[in-house]
Amino acid sequence: MSIDDTKSFSRADAIEDLERRNSKLAKINAALMQRVERSMDYQANAYSMFQTAIGLETQVRARTEELKTALNRLERTNEQLMSARDGAERANRFKTGFFTAVGHDLLQPLHAARLSLSALSEIHDNQAHQRLIGQVDHALSTIEELLRTILDLSKLESGALKPSFQTIDTLDLFRSVLVDLTPIARAKGLELSMTARDTLVFSDPLMLRRILQNLLANAVQYTERGRVLLAGRRRGDHLRIDVWDTGPGIAPAEQTKIFEEFHRGAAGQRSLGGGFGIGLAIIARMGETLGHRIELCSEVGKGTRFSVYVPVSDGVVSHPAFTRTLRKPAALAYGLAALNVVVIDNDAAVRDAMRALLDRWGCNIRLLGGLAAVDRLIADEPSFHPDIILADFHLDNGDCGLSAVAALRAGRTAAIPAVVITADHSSEVAGRVDAAGCEILRKPVKPAELRALVTHLVR
């Protein structure tokens with residue numbers, strides 16, 4: 001190999017070596033560039049995330065302020081709602097107190113007027129006087145019914161009317177309700193009857209009686225011919241109490257509205273008996289309060305059936321002293337002559353009316369205005385032994401008629417029968433009267449009702 005060939009070979013090796021190194025450097029440079037680019041991308045992402053975090057923090061701060069503002073606004077709204085609720089409760093208490101006070105103040109003169117009219121009707125035989133007395137008595141009865149419905153609706157709406165559940169003998173209850181409506185049905189030529197077994201149920205006796213009384217009164221009022229039937233039929237663990245009539249019936253379109261306040265159906269508008277369209281509304285509310293289901297089944301032109309489902313009780317009758325003998329109404333007018341009766345009432349008009357009424361019954365009367373008069377009677381007439389006491393519940397100076405009854409009963413070997421007369425329909429008053437061993441009548445008292453109860457108690 002010549003010198004020139006050797007040089008040529010060395011130069012080629014050097015070029016190849018340089019190209020290899022250049023390629024290697026290019027690869028290293030490419031790798032470095034990739035690392036640099038990745039580093040720059042990472043820094044860019046980090047910066048972007050930093051900016052995003054700052055933006056989110058700003059948004060969170062803004063949302064927090066908005067939430068604080070909303071919470072403050074909600075708190076102010078809650079305070080306004082609480083204030084409005086307190087105002088509504090005060091207004092409701094005022095309304096209830098107003099109705100109670102108005103009811104008591106209006107029922108008191110109605111009570112005295114009814115007693116006076118009853119005495120007057122027995123004294124006068126003049127036909128014109130009798131007709132006038134009948135008109136006034138009807139007007140008083142209308143006012144009385146309106147007041148009772150207003151009071152009942154007010155108490156039901158406010159929740160003040162609480163049921164007092166007891167075991168009730170339905171046979172006695174049915175007979176008692178029928179006695180009240182028999183004269184009205186007889187005057188219309190209707191047959192009023194009952195079909196029932198001696199069954200015990202669990203309910204509030206006053207509210208259940210009011211439900212049946214309203215249903216029967218409606219049936220008698222709207223039925224022109226035929227009959228009205230009060231029936232009790234066992235259905236499982238309930239007694240279904242039915243009030244049937246052969247009246248005009250209720251159209252299907254009216255049956256969904258018949259329990260609304262102040263709604264009178266076509267039959268009610270045709271009836272001459274008047275009414276306010278509240279009776280069935282009260283029945284529905286009382287049924288809800290008692291938990292008694294009420295059903296309506298009616299066919300136009302054939303009649304109507306109202307049903308009340310009352311739980312059957314296995315207990316003992318709450319008032320076993322009540323007799324199961326149904327006396328004829330005519331017999332209740334006799335047997336009160338020479339009866340020693342003590343009347344305790346702070347209202348002079350009521351005492352005068354009671355005197356006129358009891359004088360006609362031949363009773364021996366002591367009229368007392370309060371506890372002081374009771375003490376004087378005990379001190380001045382130790383030999384006077386009352387056969388029965390008729391006491392108003394609310395007396396002057398916050399005194400209670402039950403205290404007067406207790407004072408007259410003190411020292412007696414046997415408890416003196418007592419009837420407490422009040423316009424207060426609360427369960428609390430009824431419970432206190434029952435605990436004292438007394439009977440209760442609500443104002444205005446019907447003379448026939450008072451006479452029947454007095455006759456029953458003294459016998």
Side-chain angles (χ1 to χ4, degrees), residues 107 110-122 137 140-141 144-145 148 168-187 192-194 205-206 208-210 212-214 216-217 220 230 317-343 345 350 353-365 386-393 405 416-423 430 433-434 437-459:
L107 288 172
L110 284 174
H111 171 54
R114 185 181 288 281
L115 295 177
S116 300
L117 278 174
S118 178
L120 185 63
S121 66
E122 295 184 54
D137 184 69
L140 290 175
S141 298
E144 172 192 347
E145 183 61 25
R148 287 191 186 281
I168 306 168
D169 188 333
T170 54
L171 201 57
D172 287 342
L173 175 64
F174 285 10
R175 287 171 172 170
S176 172
V177 174
L178 288 181
V179 164
D180 294 339
L181 291 166
T182 295
I184 303 173
R186 186 183 298 117
L192 180 60
S193 59
M194 73 174 190
L206 297 178
L208 181 58
R209 190 180 196 279
R210 185 72 189 276
L212 299 183
Q213 205 169 27
N214 279 9
L216 280 170
V220 171
L230 176 62
V317 181
S318 301
H319 299 285
F322 280 100
T323 179
R324 292 185 178 180
T325 303
L326 184 62
R327 299 186 182 92
K328 295 181 180 180
L332 299 176
Y334 305 99
L336 301 182
L339 195 70
N340 290 335
V341 182
V342 174
V343 176
D345 201 299
V350 172
M354 276 289 194
R355 181 196 297 277
L357 182 66
L358 295 173
D359 277 343
R360 297 300 303 168
W361 295 351
C363 300
N364 184 22
I365 316 159
D387 294 309
I388 193 165
I389 305 168
L390 307 178
D392 190 12
F393 185 84
V405 171
I416 305 170
V419 178
V420 174
I421 301 171
T422 179
V433 171
D434 185 67
C438 303
E439 300 301 325
I440 190 169
L441 284 178
R442 262 66 180 214
K443 297 179 182 179
V445 172
K446 296 179 181 179
E449 183 181 14
L450 175 63
R451 186 171 56 199
L453 183 55
V454 169
T455 303
H456 167 74
L457 293 175
V458 297
R459 285 181 180 178

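FYI, side chains are in, hydrogens and waters are out, and symmetry mates aren't considered; it's all heavy atoms of this structure.
- A distance of 8.0 Å separates CG in L230 from CG in L173, rounded to the nearest 0.5 Å.
- Nearest heavy-atom pair, A430 versus I440, reported as atom, atom and distance to 0.1 Å: CA-CD1, 4.2 Å.
- L171 approaches M194 most closely through the heavy-atom pair CD1-CE, 3.8 Å.
- Taking each heavy atom of E449 and L441 in turn, the nearest pair found is OE2-CD2, 3.5 Å.
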V454 vs L339, side chain to side chain contact (heavy atoms under 4.5 Å, CB included): CA-CA, chis, key distance, verdict: CA-CA 10 Å; V454 169; L339 195 70; 3.8 Å; yes
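- Counted within 6.0 Å of CZ on R209, heavy atoms from surrounding residues, nucleotides or ligands total more than 12; the atom is thus considered enclosed.
- In terms of heavy-atom proximity, L450 sits nearest to L357 at CD2-CD2, 4.3 Å.
- Here the side chain of N340 pairs no donor or acceptor atom with the backbone of D387 at under 3.5 angstrom.
- L178 and S193 get closest at one heavy-atom pair: CD1-C, 4.2 Å.
- With rounding to the nearest 0.5 Å, the separation of CG in D345 from CG in L390 is 10.0 Å.
- Between the CZ atom of R451 and the CG atom of L358 there is a distance of 11.0 Å, given to the nearest 0.5 Å.
- Distance check: I421 CD1 to R442 CZ gives 12.0 Å after rounding to the nearest 0.5 Å.
- The two residues A418 and V405 make their nearest non-hydrogen contact at CB-CG1, 3.8 Å.
- Judged as a side-chain hydrogen bond (donor to acceptor under 3.5 Å, both in side chains), and not counting sequence neighbours, D359 has no contacts.
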Could you go step by step and tell me if D392 and K443 meet the side chain to side chain contact (heavy atoms under 4.5 Å, CB included) rule? CA-CA 10 Å; D392 190 12; K443 297 179 182 179; 3.1 Å; yes
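- In this structure, L457 CG and I388 CD1 are separated by 4.5 Å, a value rounded to the nearest 0.5 Å.
- By the side-chain hydrogen bond (donor to acceptor under 3.5 Å, both in side chains) test, T182 is found to be paired with no residue, residues two or more places apart in sequence or in another chain being considered.
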